[in-house]
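For the numbers below, each heavy atom of this structure counts, side chains included, while hydrogens, waters and symmetry mates do not.
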Amino acid sequence: HRICQALCPDAAIAASTTSTVLRRAIRILPRWRDDAEADRWFYHYTVLETRRSNAAPADPPAPAPTPDPLIAASARTDPPFLALLGVIRALPAQQREAIVLTHGEHLNPRYLAVAMDCSAEAAANHLRVATLHLRHLLGDNADALLIEYSAAYQQLAPNIDALRPEIRHQVSRFLLPRRLRRVAIALLLAIIACGIWRARHAIRSIFG
């Protein structure tokens with residue numbers, strides 16, 4: 001949820017992307033062996049999905065953009081912080097991901113590479129170039145603003161009470177076909193068993 005909100009500049013796109021990741025996660029869940037594998041999958045698939053969402057052309061007429069999620073969540077309106085967000089939003093996609101995942105999610109170099117679907121060296125290069133660009137544009141305030149960004153980023157955590165109905169809905173959609181298949185199989189087995197019983201009863205009546 002945090003990653004979608006931070007990497008998608010439009011709140012509606014971020015919410016749609018979060019739902020897409022959730023639907024996919026429910027289908028993939030049985031394959032995970034442990035929590036670490038689930039973490040790697042969420043980081044990797046979420047970042048890739050935000051790339052697709054941000055690159056997808058809007059169907060005309062395009063809806064009016066909704067507020068930047070990070071501004072809405074943190075209620076920060078001071079010019080230096082808004083300038084930082086503007087610079088981060090304007091970065092090339094992979095540089096923006098490197099900044100968000102490092103200073104927001106606090107991923108280590110290994111997980112950063114997994115999330116960005118590249119080598120650790122490439123991820124480190126994206127982070128280095130992005131950091132130099134921020135310092136060039138924001139000057140001596142860049143490092144202090146990134147610390148403030150890290151604190152504001154935590155406000156993007158979802159409201160669990162608000163998210164729970166969406167989770168229940170997605171889980172129900174996933175489980176319904178399976179439950180229907182089980183009911184259908186049970187009915188089929190009952191019909192077969194009834195047919196066998198009738199056949200045996202008929203044979204016994206014939207041959208006494």
Side-chain angles (χ1 to χ4, degrees), residues 1-18 20-21 39-40 42-58 62-160 162-163:
H1 188 276
R2 289 193 302 263
I3 292 172
C4 289
Q5 295 281 316
L7 292 180
C8 296
D10 184 278
I13 295 176
S16 174
T17 306
T18 301
T20 299
V21 174
D39 285 342
R40 289 192 296 270
F42 269 109
Y43 289 133
H44 178 73
Y45 186 76
T46 302
V47 170
L48 295 185
E49 194 59 38
T50 60
R51 290 179 188 174
R52 284 190 283 267
S53 297
N54 289 332
T66 51
D68 185 298
L70 191 55
I71 296 175
S74 65
R76 293 287 298 269
T77 58
D78 47 302
F81 189 76
L82 295 182
L84 171 69
L85 289 187
V87 174
I88 291 176
R89 292 296 191 194
L91 288 171
Q94 289 181 299
Q95 292 181 28
R96 181 169 64 252
E97 292 162 5
I99 289 292
V100 168
L101 295 172
T102 299
H103 295 281
E105 281 296 316
H106 302 291
L107 297 189
N108 60 39
R110 176 169 171 264
Y111 269 63
L112 179 63
V114 169
M116 295 178 60
D117 194 30
C118 63
S119 67
E121 182 180 2
N125 285 335
H126 288 305
L127 178 61
R128 178 179 58 83
V129 172
T131 303
L132 289 174
H133 185 67
L134 289 176
R135 288 172 178 167
H136 174 71
L137 293 180
L138 301 173
D140 296 336
N141 292 331
D143 291 338
L145 286 170
L146 284 173
I147 294 175
E148 294 180 27
Y149 177 88
S150 177
Y153 181 90
Q154 304 309 312
Q155 302 302 314
L156 294 175
N159 182 317
I160 298 301
L163 195 60

Next item on the list: Say whether Y153 and E105, considering side chains only, have a donor N or O and an acceptor N or O under 3.5 Å apart.
Entry: yes

Check: Is the number of heavy atoms from other residues, nucleotides or ligands within 6.0 Å of CG (D78) greater than 12?
Finding: yes

Item checked: Sequence-distant partners of H106, side-chain hydrogen bond (donor to acceptor under 3.5 Å, both in side chains), two or more places apart -> S150

Margin query: A side-chain contact here means heavy atoms from C-beta on lying under 4.5 Å apart; do N141 and P80 qualify?
Written below: no

Item checked: Nearest heavy atoms of A11 and P69, plus distance in Å -> CA-CG, 3.8 Å

Next item on the list: Work out which heavy atom in A152 is nearest to a heavy atom in L70; give both atom names and the distance.
Entry: O-CD1, 3.7 Å

Note to self: Using only atom types and a distance under 3.5 Å, with no angle test, would you say the side chain of Q94 pairs donor to acceptor with the backbone of L127?
What the structure shows: no

Margin query: So I71 and L82, do their side chains get closer than 4.5 Å, heavy atoms only?
Written below: yes

Item checked: Criterion side-chain contact (heavy atoms from CB on, under 4.5 Å) on I88 and L134, from CA distance to verdict -> CA-CA 8 Å; I88 291 176; L134 289 176; 4.2 Å; yes

Item checked: H103 side chain vs I147 backbone, donor-acceptor pair below 3.5 Å -> no

Checklist line | Side-chain touch L101/V47, heavy atoms, less than 4.5 angstrom | finding: yes

Check: What closest approach, in Å, do A123 and C118 show between heavy atoms, and which atom pair accounts for it?
Finding: N-SG, 3.7 Å

Checklist line | Check: D10 side chain, A12 main-chain N or O, donor-acceptor pair, under 3.5 Å | finding: yes

Next item on the list: For residues A83 and L138, report the shortest heavy-atom separation together with the two atoms involved.
Entry: CB-CD2, 4.2 Å

Checklist line | Counterpart residues, side-chain contact (heavy atoms from CB on, under 4.5 Å), relative to A93 (two or more places apart) | finding: R96, E97

Checklist line | Pair R135-D143, side-chain contact (heavy atoms from CB on, under 4.5 Å): steps then yes or no | finding: CA-CA 8 Å; R135 288 172 178 167; D143 291 338; 3.1 Å; yes

Item checked: L137 side, atom CG; L84 side, atom CG - distance, nearest 0.5 Å -> 10.5 Å

